[in-house]
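Reminder, nothing fancy here: chain letters follow the sequence lines and each chain counts from 1.
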Protein chains: 2
Amino acid sequence: MKPRSTGCCHGSHVELPTLTAKLRKESLKITGPRQAILEAMRHHPHPLLIKELHALLAEGDCDLVTVYRSMKTLQKMGMVRRVEFGKGGSRFELVTDEGREHHHHLVCEACHAVMQLDDCLLLEVERRIEKASGFRSVTHRLEFFGICPACQKSSVPKP
Amino acid sequence: MKPRSTGCCHGSHVELPTLTAKLRKESLKITGPRQAILEAMRHHPHPLLIKELHALLAEGDCDLVTVYRSMKTLQKMGMVRRVEFGKGGSRFELVTDEGREHHHHLVCEACHAVMQLDDCLLLEVERRIEKASGFRSVTHRLEFFGICPACQKSSVPKP
DNA sequence: AAGCTTTTGCAAATGGTTTGCAGTGGGTGG
DNA sequence: CCACCCACTGCAAACCATTTGCAAAAGCTT
């Protein structure tokens, strides 16, 4: 349960060709907008708002609406994961090899910094809930919120 | 961690005067709309969508906008808790004496039935995260989703 | 009952997300 | 290598949850 910062841009672990290959395997077209989107997500390995993602793209690379549609498509094929922090809309992150396994986030409520928490101790809890309740296919959604060390000092007002 | 159904209307444990007294203590006015809202929530002890809550009120009792404003007010004074299931907007539930303590829900993704899970094993986890990350005031948001026993049989399509 | 302040209703603005439609452009078969 | 077809895109507008502005209505206090 040790937190792991996913700050920004420490090299791109996933290659773009690796990603586009997945598109081809699903007989989806490898278009300019899709490449631009994957390229941007590759370099920003944290949950991004649609509009943040769109802002990362070069002017005219891709319409906002296309970002929405791409997220839906990519999520359906499992290349992207939807994360909800409850403010400002849905966020999406690339499902990478080293981030494939189920994990959670620790979000600073002041500056919105995001850390990734490795491993999850709730898989066993899901099984217990299934037994106790009779529900099936039980999953969960869990995020942590708090005030990060930097914000504890600077006392910047919450955005 | 045994699930407890919060199906519907098994008697109203909280009295209306008890609730309005809290309003008075905060020098908030005891208006018709507020009484109607609290009365409705008293009889429906599960997380309600704003529009569901509004639909429960008698015609002309209270405007939709007023429901929104009331939820904001009541949440600020701790009488109501906001719950996010990620579909269709925020939900709210009364904070009752027997439901005051932090708890989570188990939601059927087919019929949207909601069960309440007593006790939470994550308080200790929050402390561990604080130590490991340096964050402060760490809280969390956790909900479980699955298919309830009834829906496993009837195979009704998801709404 | 009068007066002051909060609260409400209505209308309209806002912000995220989806949809309709016509035009563009990948990718495949000839 | 070209042409064709359907998936994909851009743009505009629709949608839905939520918020805001403003004047009228209603609590609470005196």
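- The stretch residues 59-72 of chain A touches DNA chain D through A/Asp61, A/Cys62, A/Asp63, A/Val65, A/Thr66, A/Arg69, each having a heavy atom within less than 4.0 Å of the strand.
- When heavy atoms are screened at a 4.0 angstrom cut-off, A/Ser90 is found touching the sugar-phosphate backbone but no base atom.
- Judged as a side-chain contact (heavy atoms from CB on, under 4.5 Å), and not counting sequence neighbours, the contacts of A/Lys29 are A/Thr31, A/Arg34.
- Between the NZ atom of B/Lys76 and the C1' atom of C/dT6 there is a distance of 14 Å, given to the nearest Å.
- Between A/Arg82 atom CZ and C/dT18 atom C1' there is a gap of 12 Å when expressed in whole angstrom units.
- Side-chain contact between B/Met71 and B/Ile37 is present, with heavy atoms from C-beta onward closer than 4.5 Å.
- Hydrophobic clustering of Ile, Leu, Val, Met, Phe, Trp and Tyr side chains at less than 4.5 Å, counting indirect connections, keeps A/Val83 apart from A/Leu49.
- If you walk DNA chain D from 5' to 3' and mark each nucleotide with an atom closer than 4.0 Å to a heavy atom of chain A, the marks span D/dC6 to D/dA12.
- Tracing side-chain contacts under 4.5 Å through hydrophobic residues (I, L, V, M, F, W, Y), one reaches B/Leu56 starting from B/Leu19; they form part of the same cluster.
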Under 4.0 Å protein heavy-atom contact, by nucleotide of nucleotides 23-30 of chain C - B base, S sugar-phosphate only: --BBS---

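- Summarising the geometry of A/Leu57 relative to A/Ala36, their closest heavy-atom pair is CD2-O, 3.4 Å, with the distance given to 0.1 Å.
- For A/Lys51 and C/dG16, the shortest distance from a side-chain N or O to OP1 or OP2 is below 4.0 Å.
- Residues satisfying the side-chain contact (heavy atoms from CB on, under 4.5 Å) test with B/Arg82, not counting sequence neighbours, are B/Gln75, B/Glu84, B/Ser90, B/Phe92.
- Taking B/Glu39 as the reference, B/Leu16, B/Arg42, B/His43 meet the side-chain contact (heavy atoms from CB on, under 4.5 Å) condition, with sequence neighbours excluded.
- The stretch residues 52-67 of chain A participates, sequence neighbours left out, in these salt bridge (charged side-chain N to carboxylate O under 4.0 Å, His left out) pairs: A/Glu52-A/Arg91.
- Paired with A/Leu74 under the rule side chain to side chain contact (heavy atoms under 4.5 Å, CB included), one option of A/Met79, A/Arg81, A/Arg69, A/Lys22 passes, and it is A/Met79.
- Under the 4.5 Å side-chain criterion, counting only non-hydrogen atoms from C-beta, B/Leu28 is in contact with B/Met77.
- In terms of the salt bridge (charged side-chain N to carboxylate O under 4.0 Å, His left out) criterion, residue partners of A/Arg127 (sequence neighbours excluded) are, by chain and number, A/Glu130.
- Scanning for ring-ring contact (aromatic ring centres under 6.0 Å, His included) contacts around B/His140 gives A/Phe144, B/His102, B/His104, with sequence neighbours left out.
- Axis angle, first five pairs versus last five pairs of the helix from C/dA1-D/dT30 to C/dA12-D/dT19: 30°, rounded to 10°.
- Residues satisfying the ring-ring contact (aromatic ring centres under 6.0 Å, His included) test with A/Tyr68, not counting sequence neighbours, are none.
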